Participant: 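Following this message is one structure expressed as structure tokens.
Please read all numbers here as calculations on a predicted model, not as lab measurements. Atom set for the values below is all heavy atoms of this structure, side chains included, hydrogens, waters and symmetry mates excluded. Note that ligands are numbered from 1 as they come in the structure, with each ligand's atoms numbered from 1 the same way.
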Amino acid sequence: MRPSITVDKERCVHCGLCLQDCVLGILAFDADEHPHYVPGGESQCVGCQHCMAICPTGALSFGEKNPQNSTPVGYGNSDDLLQLIKSRRSVRHYKEENVPEETLRKLAGMLPYIPTGGNADNLFFSVIATREKMDALRKTTYAKIQAMPNPSGFQLAAREAFQQGKDIIYRGAPAMISVAIDRTKTIAGCETADPIIALSYFELYAQSMGLGTLWCDMAVTIAKQVPDVYALLEIPSQYELNYTILFGLPAISYARTIQPEMFSVKMLR
Ligand SMILES: Cc1cc2nc3c(=O)[nH]c(=O)nc-3n(C[C@H](O)[C@H](O)[C@H](O)COP(=O)(O)O)c2cc1C
């Protein structure tokens, strides 16, 4: 059963902030000015927990989630964030070693905080977390490509590179995260955005911890073309692969930022 809100009536100061901020407007005051769901509201609740997050006195809980277990809000330093965004690079050279367990744990722990349209619980993440497992993926991928009777341009390029000892698909990375979307829980328009938002957050957080990352269209393409490769991602059948990022400890470092061409930005006033 879906969790619902509970109110600590001793703590509630009747400020109404939870009512104002409720995404669907499904909270109202009862006769004693404590928040409760309007009739039918409980079943509509998307579990965004804005009510718990905004309550100044910590009077609202959501199922087993209570304010004591939340982190105080903090937005960090915007200059640091901009510096990270500017410094982030696509990394195609990785060290041999695996990503440390603690780093993997932190990355996985960040993922639930990404925004999704409608607060849908609609994503599945498959993380190939060791070089051994990545090597198994590489082995299957290139064996299948070698055996293709009529390879496409991309497959031919990958095959030729492999014969020269180059892994142009996975770039020798020791780890890869794939995001898949639940086919049964699509929210119009959001199913394309949600997975990419998730991996964008993942990339920045990973690079902030000193990891290299590479968005990898080639890995998505080959997984969709070759069922044996797709199977290695162990994505449950109700989900569909959307995108992948390779990651690992970088074997290179960049000394300075690039100087990109500007996009057209029109300020409308
Ligand atoms: C959605 C997306 C898919 C990408 N797919 C690949 C890929 O399959 N292989 C690859 O080597 N680079 C891939 N890249 C990396 C881009 O080529 C890279 O962004 C470009 O080289 C610019 O470098 P920078 O990210 O360091 O600014 C991809 C990037 C994005 C955003």
Side-chain angles (χ1 to χ4, degrees), residues 80-95 99 107 111 114-116 123-128 131 134-135 137-142 144-145 148 151-181 189-226 229-230 232-233 235 240-265:
D80 287 348
L81 183 56
L82 181 60
Q83 185 61 22
L84 171 64
I85 291 168
K86 286 181 174 176
S87 302
R88 177 218 63 83
R89 291 270 69 76
S90 293
V91 169
R92 297 183 179 84
H93 306 278
Y94 293 93
K95 289 186 179 165
V99 176
L107 286 165
L111 288 171
I114 58 124
T116 55
L123 300 179
F124 175 86
F125 297 93
S126 150
V127 180
I128 298 188
R131 178 163 288 285
M134 275 303 291
D135 285 345
L137 181 69
R138 270 184 271 272
K139 197 173 165 195
T140 300
T141 302
Y142 288 108
K144 290 287 169 189
I145 291 176
M148 283 173 178
S152 66
F154 152 64
Q155 292 159 353
L156 206 56
R159 178 192 283 188
E160 282 170 6
F162 180 70
Q163 284 160 358
Q164 293 160 26
K166 289 189 203 142
D167 166 21
I168 64 161
I169 299 177
Y170 307 109
R171 305 284 178 180
M176 182 172 99
I177 182 168
S178 302
V179 60
I181 180 118
C190 301
E191 70 274 13
T192 48
D194 288 346
I196 300 301
I197 292 170
L199 291 192
S200 300
Y201 277 54
F202 177 91
E203 177 181 46
L204 283 183
Y205 186 43
Q207 294 225 0
S208 80
M209 290 194 287
L211 295 179
T213 59
L214 181 67
W215 287 85
C216 197
D217 197 63
M218 287 189 184
V220 181
T221 303
I222 205 69
K224 289 193 171 174
Q225 288 170 345
V226 181
V229 172
Y230 197 99
L232 289 173
L233 306 181
I235 295 170
E240 185 179 340
L241 172 65
N242 183 282
Y243 231 84
T244 65
I245 286 186
L246 303 166
F247 65 103
L249 297 170
I252 48 155
S253 62
Y254 294 93
R256 59 194 60 80
T257 66
I258 61 160
Q259 297 170 37
E261 296 302 321
M262 301 305 283
F263 287 122
S264 300
V265 179

Participant: For atom 24 (P) of ligand 1, what is the nearest protein heavy atom, given as residue, atom name and distance?
Facilitator: S90 OG, 3.4 Å
Participant: Would you mind reporting whether I245 and L214 have side-chain heavy atoms less than 4.5 Å apart?
Facilitator: no
Participant: Report the part of L214 (side chain from C-beta onward, or backbone N, CA, C, O) that has a heavy atom under 4.0 Å from ligand 1; answer both or neither where that applies.
Facilitator: side chain
Participant: To check your reading of the model: name the closest protein heavy atom to atom 27 (O) of ligand 1, its residue, and the distance in Å.
Facilitator: R89 NH2, 2.8 Å
Participant: Counting from 1, what ligand 1 atoms have a heavy atom of M218 closer than 4.0 Å?
Facilitator: 8 (O)
Participant: In terms of atom number and element, which parts of ligand 1 are under 4.0 angstrom from non-hydrogen atoms of R88?
Facilitator: 24 (P), 25 (O), 27 (O)
Participant: Looking at atom 21 (O) of ligand 1, what's its closest protein heavy atom, distance included?
Facilitator: R92 NH2, 3.2 Å
Participant: I'd like to know if the side chain of R131 reaches the main chain of G172, judged simply by a donor and an acceptor atom lying under 3.5 Å from each other, with no hydrogens or angles considered.
Facilitator: yes
Participant: Donor-acceptor pair, S126 side chain versus L233 backbone, under 3.5 Å?
Facilitator: yes
Participant: Please say whether more than 12 non-hydrogen atoms of neighbouring residues, nucleotides or ligands are located less than 6.0 Å from NZ in K224.
Facilitator: yes
Participant: With sequence neighbours left out, what residues match Y205 under ring-ring contact (aromatic ring centres under 6.0 Å, His included)?
Facilitator: none
Participant: Atom 29 (C) of ligand 1: which protein heavy atom is closest, and how many Å away?
Facilitator: W215 CB, 3.5 Å
Participant: Is there side-chain contact between Y94 and L249, with at least one heavy-atom pair below 4.5 Å?
Facilitator: no
Participant: Students should be able to answer this: which protein heavy-atom is nearest to atom 3 (C) of ligand 1, and at what distance?
Facilitator: Y243 OH, 3.4 Å
Participant: Under a 3.5 Å distance rule, please check whether Q155 uses its side chain to pair with a backbone N or O of S152 as donor and acceptor.
Facilitator: yes
Participant: What are the atoms of ligand 1, with element, lying closer than 4.0 Å to any heavy atom of R171?
Facilitator: 11 (O)
